[in-house]
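First the proteins, then the strands, lettered A, B, ... as listed; each starts at 1.
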Amino acid sequence: MVRAGYCSAGFGYTLVIAEKPKAARKIAEALSDKPIACKLGGIPYWIVTWMGTRYVIVPAAGHLFGLTTDKHGFPVFEYYWAPLWAVDSSSAHTRRFLEAIKKLARHAVRFVNACDYDIEGSVIGYNILRALGVEKRALRAKFSALTRQDVRRAFSRLERLDWDMINAGLARHELDWLWGINISRALMESLRSVTGRSKVLSAGRVQSPTLVEAVSRTIKRNLFVPLPYFTVTATVELGGKARRLQVASFELRSEAQRVARQLRATGYLVVREYSEYVERIPPPYPFNLGDLQVEASRILGFSPYYTQKLAEELYLEGLISYPRTNSQKIPPTIDISAIVQALVRQTRYRELVEYLLRATRGVLRVNNGPKEDPAHPAIHPTGEPPHSGLSKNHLRLYDLIVRRFLASMAPPAVLVRARLILSAEGLGSASITGVRIVSPGWMQIYYWAKPSEEYIPRLYRGQRIQVKSVSVQTSYTQPPELHTKTSLVKWMESKGIGTEATRARIVELLFERGYLRSEGGRVQATELGLTVANILQTYFPDITSVELTRRFEELLEAIRMGKVSKDAVISEARRFLAGILSEFKVKSMHAVGMELAYSLGLLKPPRQCPICGRRAEGEYCSYHEAAIRKIVEAYHEWRRRTGITCREYLEKLAAMRSTGKWVREAAKYLLARNVCPKGLTA
DNA sequence: GCAAGGTC
């Protein structure tokens with residue numbers, strides 16, 4: 001393994017740039033059984049000799065350079081790469097990495113970019129090599145996993161830098177910068193031109209479609225009008241326990257009442273079908289970051305970003321593998337039995353591991369999932385025991401990860417599901433299900449997945465079940481759900497925007513900007529969020545759509561294939577942006593500045609909505625205009641189903657919790673003024 | 001100050 005030794009590599013060595021310290025160490029260990037571990041200005045690096053060549057392997061810490069500009073105002077098309085520590089206050093740590101690399105470069109004769117083999121890794125390495133002035137003669141190591149075999153193969157056939165890949169990566173940065181910085185500045189300058197106030201506003205290829213998604217859910221929820229329907233519910237006794245079941249539902253109360261009367265008269269339901277089937281539920285896949293965020297939210301109530309932060313800390317403590325991964329696979333190069341043996345030494349896992357070894361007869365195989373990641377395996381514990389300094393939440397997340405890893409190797413769970421269909425003559429049927437655990441398998445370890453058992457006794461076709469009581473209940477259609485932070489991150493993943501490392505962070509950013517807020521764990525758009533989304537959709541619709549990402553991906557792929565040049569792609573983007581930005585500047589800045597000022601409460605609109613005080617276009621603001629339209633539309637159906645009067649209808653809407661906020665406000669307003677809107681008086 | 005992307 002690694003040994004400390006004489007930390008002088010002499011002259012004439014090859015300097016290898018890795019993406020991060022963990023990767024540098026892995027590369028060193030792959031090339032040598034005894035790499036020499038050294039430090040320079042607090043930065044670790046390694047010296048190895050392989051096949052007669054001396055290598056000095058030094059890590060970056062992700063990007064050490066970022067795009068910046070000296071120009072103010074918009075449109076802005078001039079930018080350059082600068083050391084990240086100088087342009088981003090949260091990246092101060094990158095300075096020492098850059099300094100260490102520069103010092104170690106002095107006596108190097110050859111240079112290798114050994115960052116992750118993807119477009120970001122190509123850019124990270126290229127920017128460093130260019131700062132050293134050696135990019136023209138540098139080489140690229142291409143490996144898809146940090147295993148001894150892959151790394152050695154890559155170093156035995158080092159290639160010239162992949163310029164098409166580098167240019168695709170540079171283009172991604174420049175496109176995001178051009179679109180994001182310019183539109184963000186257009187928003188901020190609009191507000192400043194009207195109010196003189198400076199406030200941080202932003203837009204971007206990933207954040208803006210995400211904002212629009214959250215906003216459109218908020219709008220749908222706020223404009224929801226529930227509809228009534230009527231259910232017939234019967235109470236029966238099954239296996240000595242009373243169970244309520246819904247027999248039928250109707251749009252008209254009178255029909256429901258007729259059916260209820262009939263059922264009371266009959267007094268029983270008939271078993272039309274009873275079936276049992278055995279279900280084998282395979283063990284879960286090991287975690288990728290997205291799955292971990294979903295489960296930590298469901299089980300522990302953690303937000304996605306909080307989960308990510310805790311997981312990164314567990315990783316830095318050496319307790320779990322790299323968390324920013326999309327992989328659901330544990331490759332054969334990972335010694336799972338060594339990890340399991342290490343876990344057995346943690347008292348709290350001894351019994352679980354013993355159960356696992358018994359249940360599998362010691363043959364450990366992970367149920368790998370379909371999702372892959374070129375650079376990293378699925379998240380798994382290293383086996384290292386947690387030390388006493390960890391917080392309770394670190395330990396809870398660690399426990400979730402350990403159990404998921406162990407469960408992924410355990411036998412399937414075996415359940416018996418029972419389904420009972422009951423009917424009464426001429427009344428349709430009602431079904432009821434039960435579940436019994438035959439063999440818990442992996443659910444013994446990952447116990448959060450265990451269903452609560454509901455036993456149904458075995459029954460026979462034609463058997464009569466006594467009905468103890470029958471009632472008719474009024475129910476209402478349910479409103480669309482608002483997003484949670486977790487579902488928003490999942491939505492981003494499903495649309496292919498952002499990356500494992502950035503999605504949760506970008507959701508938090510939308511909160512920081514004051515565009516979104518949380519209410520009981522649900523994500524609501526704020527006034528500012530509604531307004532910014534609306535402005536972007538009107539003036540810069542491209543940036544609000546996930547299609548922009550698709551377009552970028554196609555362009556980057558064309559650059560990577562050498563079909564089109566980076567310069568051509570960037571000039572086209574500049575030309576397009578120059579057009580829409582100068583038109584915006586001439587025609588729309590004032591109107592947009594006013595809208596922003598209204599939403600921030602900095603200015604009072606000339607004509608206000610009598611319900612909410614927002615700017616009124618006609619009689620009301622656009623939201624309450626829409627709410628009243630919805631109220632009118634739904635009244636016809638309410639009247640048909642219930643015969644309700646206009647006033648009773650409005651009272652009902654104003655009182656119900658499932659009514660959308662803007663609909664409720666509009667109903668209250670109409671009630672207070674004692675008016676039934678046109679079309680609602682019939 | 002503003003993006004999105006790496007990682008401490």
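Residue-level contact check: A/T502 touches the bases, meaning some heavy atom is under 4.0 Å from a base atom. As judged by a 4.0 angstrom heavy-atom cut-off over every strand, A/E19 is placed among residues touching the sugar-phosphate backbone only. Using a 4.0 Å heavy-atom cutoff across all strands shown, A/L175 reaches no nucleic acid atom at all. Contact annotation for A/L170: no contact, since no heavy-atom pair falls under 4.0 Å across all strands. Looking at heavy-atom distances under 4.0 Å, A/G66 makes no contact with the nucleic acid at all.
Salt-bridge check for A/D373 with A/K329: failed, with every basic side-chain N at 4.0 Å or more from each acidic carboxylate O. Between A/K490 and A/E493, at least one side-chain nitrogen of the basic residue sits less than 4.0 Å from a carboxylate oxygen of the acidic one, meeting the salt-bridge criterion.
Contact annotation: A/T499 reaches the phosphate of B/dG6 (side-chain N/O to OP1 or OP2, under 4.0 Å). Between A/Y79 and B/dA3 there is no side-chain polar atom (N or O) within less than 4.0 angstrom of OP1 or OP2.
Considering only the side chain of A/L509, B/dA4 comes nearest among B/dG5, B/dC8, B/dA4. In the set B/dA3, B/dC8, B/dG1, B/dC8 carries the atom at the smallest distance from any side-chain atom of A/R324.
Of the two residues near DNA chain B, A/I124 and A/R513, the one whose nearest nucleotide lies more 5' is A/R513. Residue A/I497 is the one, among A/L316 and A/I497, whose nearest nucleotide of DNA chain B lies closer to the 5' end (criterion: closest heavy atom).
Nucleotide B/dG6 holds its C1' atom 9 Å from the NZ atom of A/K20, rounded to whole Å. In this entry the distance linking CZ of A/R505 with C1' of B/dA4 reads 8 Å, nearest Å. Between the CG atom of A/D70 and the P atom of B/dG1 there is a distance of 14 Å, given to the nearest Å. Distance OH (A/Y305) to C1' (B/dG5): 13 Å, rounded to an integer number of Å. Straight-line distance from the CG atom of A/L289 to the P atom of B/dG5: 14 Å, rounded to whole Å. Atom CZ in A/R503 sits roughly 14 Å away from atom P in B/dT7 (whole-Å rounding). The separation between A/N326 atom CG and B/dG6 atom P is 12 Å, rounded to whole Å. Rounded to an integer number of Å, the gap from A/L536 CG to B/dC2 P is 16 Å.
Using modelled atom types, no side-chain atom of A/D291 and backbone atom of A/P286 make a donor-acceptor pair closer than 3.5 Å. At least one donor-acceptor pair closer than 3.5 Å links the side chain of A/R152 to the backbone N or O of A/A30. In this structure, the side chain of A/R205 does not engage the main chain of A/I543 through any donor-acceptor pair within 3.5 Å.
Annotation for A/D164 and A/R560: closest pair CB-O, 3.3 Å, computed over non-hydrogen atoms.
Residues from residues 546-566 of chain A with heavy atoms under 4.0 angstrom of DNA chain B: there are none. A heavy-atom distance below 4.0 Å to DNA chain B is reached by these residues of residues 84-96 of chain A, ordered by number: A/L84, A/H93. Within residues 177-210 of chain A, the residues having any heavy atom closer than 4.0 Å to DNA chain B are, in order of number, A/W177, A/G180, A/I181, A/S184, A/R185, A/M188, A/V200, A/L201, A/S202, A/A203, A/G204, A/R205, A/V206, A/Q207.
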May I have the list of side-chain donor-acceptor pairs in residues 80-88 of chain A shorter than 3.5 Å, sequence neighbours left out?
from: A/Y80; atom 1: OH; to: A/D70; atom 2: OD1; distance (Å): 2.9
from: A/Y80; atom 1: OH; to: A/D70; atom 2: OD2; distance (Å): 3.4
from: A/D88; atom 1: OD1; to: A/S90; atom 2: N; distance (Å): 3.1
from: A/D88; atom 1: OD1; to: A/S90; atom 2: OG; distance (Å): 2.9
from: A/D88; atom 1: OD2; to: A/S90; atom 2: OG; distance (Å): 3.4
from: A/D88; atom 1: OD2; to: A/S91; atom 2: OG; distance (Å): 2.9

Can you give me every donor-acceptor pair (side chain of residues 525-535 of chain A, partner residue at least two apart or in another chain, under 3.5 Å) with its distance?
from: A/T526; atom 1: OG1; to: A/G514; atom 2: O; distance (Å): 2.6
from: A/T526; atom 1: OG1; to: A/Y515; atom 2: O; distance (Å): 3.1
from: A/T526; atom 1: OG1; to: A/L528; atom 2: N; distance (Å): 3.4
from: A/T526; atom 1: OG1; to: A/G529; atom 2: N; distance (Å): 3.0
from: A/E527; atom 1: OE1; to: A/R614; atom 2: NE; distance (Å): 2.9
from: A/E527; atom 1: OE2; to: A/R614; atom 2: NE; distance (Å): 3.3
from: A/E527; atom 1: OE2; to: A/R614; atom 2: NH2; distance (Å): 2.5
from: A/T531; atom 1: OG1; to: A/E527; atom 2: O; distance (Å): 2.9

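Checked against a 6.0 Å centroid threshold, the rings of A/F287 and A/F405 do not count as neighbours.
The side chain to side chain contact (heavy atoms under 4.5 Å, CB included) with A/Y126 is formed by just one residue from the set A/N167, A/I166, A/D162; it is A/I166. Results of the side chain to side chain contact (heavy atoms under 4.5 Å, CB included) test with A/L602 over A/L191, A/L596, A/V194 single out A/L191 as the only residue that passes.
Listed by chain and residue number, nothing satisfies the ring-ring contact (aromatic ring centres under 6.0 Å, His included) test with A/F111 (two or more places apart in sequence, or in another chain).
With a 6.0 Å radius and a threshold of 12 heavy atoms from other residues, nucleotides or ligands, A/R197 has its CZ atom at or below the threshold.
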